[in-house]
Amino acid sequence: MKDFNINSFVRKNILDLQPYLSFRDLNEFKNPVFLDANESASGELNRYPDSTQKKLKQKLSGLKGIPADQIAVGNGSDELIDLIIKVFCEPKEDAILMMNPSFAMYGFYASVNGNKVLLLDLDENFKINKDEFLRTANENQSKVFFLCSPNNPTGNSVEDIEFYIRNFNGIVVVDEAYIEFSDNRSCISLLDKYPNLIVLQTFSKAWGMAGARVGTAYSSAEIIALINTVKAPYNVNCLSLSKIMEAIDQKDFAEQNIKNTLAEMSWLDEELQQLKAVKKIYPSDANFFLTEFEEVEKVYAKLLENEILTSKRSPKIPGCIRINAGSREENIRLIETLKTII
Ligand code: PMP
């Protein structure tokens, strides 16, 4: 990674752009009169949110042990996936690389932005074949590699992540949406070592705040500045910002939520193992199980009939349904319904 020049990976027109920064957010005022943004003088939410999200970044900086200028905040990590593609992938020319199966939004945003999607097929245990990775990564013009670990929908973590970061001639995004449920160390600790690394995390899973739509990206200050250049100025609203900051101040909820979720995962695992309808439960480092059923269509339909919504992965992943851990009450309802299937 010597002689790494980030600008050689950036879309040409982005290099000339400046981020939209509100003057107000860049300065401190004692007793300001704000007549600069065509807001209303009164109302509960009359002011625009801080476009730089500095208070939240200060808190995240303390929480993650990383400087604030190495953090970007998005309207969910979904938005950050879109922004990363916008920064690095020239429409019609560049492709993204992603594992298959993996989180569908990488492909979705690549397509919306006019970029091709290269798929790296996982083996029968949902692992990456390193030779296949090297071949695909070298033969094709892919700028960004999305590595989801733990992976959605398979649940397993990517082994030897550094191998992929070292051997990819472009930007590697490690999506850690489910990291809090796993024993793995976050790749944030690798940021000093790899200038081509971006780590994504979210408040939607372990923090129980999917409705707030807040995700975070951690990377070099240069890459973060580029992400901030292409983001909408007020991408995270006032209500979400204050709720997330409250949650960070009292992080016992997240800690308890992780413990409860892991306890429910063990309970579900045991209960699912005993069911005749279940063929295989794939090991999971996340808050869900990819589960294979003998008669997947029948199972899915039965669950739906009982208003139990799960995520059918068949036929793409034959016979499989992804089921996340709910509350004990919800999990009991799931198991009891599955028991009625003969
Ligand atoms: N990455 C992965 C792997 C996910 O599974 C999800 C949500 N399903 C996201 C990102 C998006 O999360 P957010 O709610 O922060 O947009």
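Bear in mind that the values here come from a model prediction, so they are computed numbers and not experimental data. Starting from 1, each residue takes its place in the sequence as its number. Read the numbers this way: they start at 1 and go in the same order the structure lists the ligands and their atoms.
E79 places a side-chain heavy atom less than 4.5 Å from the side chain of L83.
Relative ring orientation between F23 and F29 is described as tilted, the plane-to-plane angle lying within the 30° to 60° band. Using the six-membered ring where Trp is involved, F133 and F145 have ring planes that are parallel, under 30° apart on the 30 and 60° scheme.
A ring pair (Phe, Tyr, Trp, His ring centres under 6.0 Å) with F146 is found for one member of Y164, Y106, F168, F88 and no other, namely Y106.
Judged by the shortest distance from any of its heavy atoms, A210 lies outside the 4.0 Å radius around the atoms of ligand 1. Under a 4.0 angstrom heavy-atom cut-off, Y178 registers as being in contact with ligand 1.
We find that K130 and D160 are joined by a salt bridge, their nearest charged nitrogen and carboxylate oxygen being less than 4.0 Å apart.
Contacts with ligand 1 closer than 4.0 Å are made by side-chain heavy atoms of N152 only, the backbone lying farther away.
Between the side chains of D285 and N156, no donor-acceptor pair of N or O atoms lies under 3.5 Å. Using modelled atom types and a 3.5 Å distance limit, the side chains of Y109 and S111 yield no donor-acceptor pair.
Taking every heavy atom of C148 and a limit of under 4.0 angstrom, the matching atoms of ligand 1 come to 3 (C). Here is the list of ligand 1 atoms found below 4.0 Å of a heavy atom in R213: 13 (P), 14 (O), 16 (O). Ligand 1 places these atoms under 4.0 Å from at least one heavy atom of D78: 11 (C), 16 (O). Proximity to S204 (heavy-atom distance under 4.0 Å) selects the following atoms of ligand 1: 13 (P), 14 (O), 15 (O).
Y48 and V214 are not part of a single hydrophobic cluster, where members link through side-chain heavy atoms under 4.5 Å apart.
By the 3.5 Å distance cut-off applied to N or O atoms, N75 is not counted among the residues near ligand 1. Checked by distance only, ligand 1 and T202 come closer than 3.5 Å through their nitrogen or oxygen atoms.
For the pair R322 and F289, the cation-pi criterion (under 6.0 Å, within 45° of the ring axis) is not fulfilled.
Protein heavy atom closest to atom 6 (C) of ligand 1, with residue, atom name and distance, is F103 CZ, 3.3 Å. Counting only heavy atoms of the protein, atom 1 (N) of ligand 1 lies nearest to D175 OD2, 2.6 Å. What sits closest to atom 8 (N) of ligand 1 on the protein, heavy atoms only, is K205 NZ, 3.0 Å. Of the protein's heavy atoms, S77 OG, 3.2 Å lies nearest to atom 12 (O) of ligand 1.
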